[in-house]
Amino acid sequence: MPPSPHPPRHFSMIRGFQLADFFTLSNAGCGVAAVLFAMLYVESKSTTHFFSSAGMMGAAFVFDVLDGRIARWRHQHSTLGRELDSLADILSFGIAPAALGFAAGLHGGWDWAALIYFVCCGVSRLARFNVTAESLSAGADKVAYFEGTPIPTSIVLTAVLVLAAWMERLGENLYWGVWTIGPWELHPLALLFVLSGTLMISKTLHIPKI
């Protein structure tokens, strides 16, 4: 088979990225940093690490807003960009909040179930969006509405955890205490993750996209 007249160049994938894609990658980078800071907090118990984790999620939220605006401004929409955005979002607004919740003290067996459910809902919601975005957009540059709450709304959970840290209500002092249900423990605070996940996978809840 004859060689291609134009062999792939080194870093050709990166060369093909649009400006918005780099903001999306910044979102992903902040999500990873948030998880790492949450892990540091588990070891150090320094609230600086806890607040840094939350701050990285806040920065990820800013990058997530900007990448969409830049893509529309430059009229540069692509399947690659959409997939990048979903992968970045599950890091920054799915895995990272769950990691921070665990670091805050959600260690019970039912807490684990709540956090896993939350992340799985986020993954499912993003997958559904990717396969329905074209039909929901009806030929426009963006979808008219979201089915279920967008996963970045989990930033509200991060804000609740930040408030708990500020009020020194982490670990054994978590809001609403702990319940023993069957073989496992449940911190009622974990139910906020269940609520958030359930709202994300709702089919009938339509959120207008601004």
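The structure displayed is predicted, hence computed values, not measured ones.
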Subject >> Transitive ILVMFWY side-chain link Leu115 to Tyr117, under 4.5 Å >> reply: no

**OP:** Would you mind reporting whether Trp179 and Glu185 have side-chain heavy atoms less than 4.5 Å apart?
**Re:** no

Original post:
Are Leu25 and Leu87 connected in a single hydrophobic cluster, I mean Ile/Leu/Val/Met/Phe/Trp/Tyr linked by side-chain heavy atoms less than 4.5 Å apart?
Top reply: no

**OP:** Return the minimal non-hydrogen interatomic distance between Leu186 and Leu191, and the atom names on each side.
**Re:** CD2-CD2, 4.3 Å

Original post:
Any side-chain donor-acceptor pair under 3.5 Å between Thr48 and Tyr41?
Top reply: no

Original post:
Just wondering, more than 12 heavy atoms not from Trp166 lying within 6.0 Å of its CH2?
Top reply: no

Original post:
Are Val35 and Leu100 close enough that some pair of their side-chain heavy atoms sits under 4.5 Å apart?
Top reply: no

Original post:
Any side-chain heavy-atom pair from Leu189 and Leu161 closer than 4.5 angstrom?
Top reply: yes

Original post:
Given side chains that start at C-beta, do those of Asn173 and Glu168 come closer than 4.5 Å, heavy atoms only?
Top reply: no

Original post:
Is the side chain of Asp111 donor-acceptor paired with the backbone N or O of His187 at a distance under 3.5 Å, no angle test?
Top reply: yes

Subject >> Min side-chain heavy-atom separation Arg128-Lys203 under 4.5 Å >> reply: yes

Original post:
Side chains of Val178 and Leu174: closer than 4.5 Å at any heavy-atom pair?
Top reply: no

**OP:** Take the angle between the ring planes of His107 and Phe102 and call it parallel below 30°, perpendicular above 60°, tilted in between.
**Re:** tilted

Original post:
Taking all non-hydrogen atoms of both residues, which atom of Met57 and which atom of Ala34 are closest, and how far apart?
Top reply: CG-CB, 3.9 Å

Original post:
Among Trp112, Phe118, Trp110, which one satisfies ring-ring contact (aromatic ring centres under 6.0 Å, His included) with Phe193?
Top reply: Phe118

**OP:** Taking all non-hydrogen atoms of both residues into account, name the closest pair between Asp64 and Pro152 and its distance.
**Re:** OD2-CG, 3.4 Å

Original post:
Pro188 and Gly177: which non-hydrogen atoms are nearest, and at how many Å?
Top reply: CD-O, 3.3 Å

Subject >> Heavy-atom donor-acceptor pair, Ser154 side chain to Ile151 backbone, under 3.5 Å >> reply: yes

**OP:** Check Val119 against Gly94 and note the closest heavy-atom contact, atom names and distance.
**Re:** CG2-O, 3.6 Å

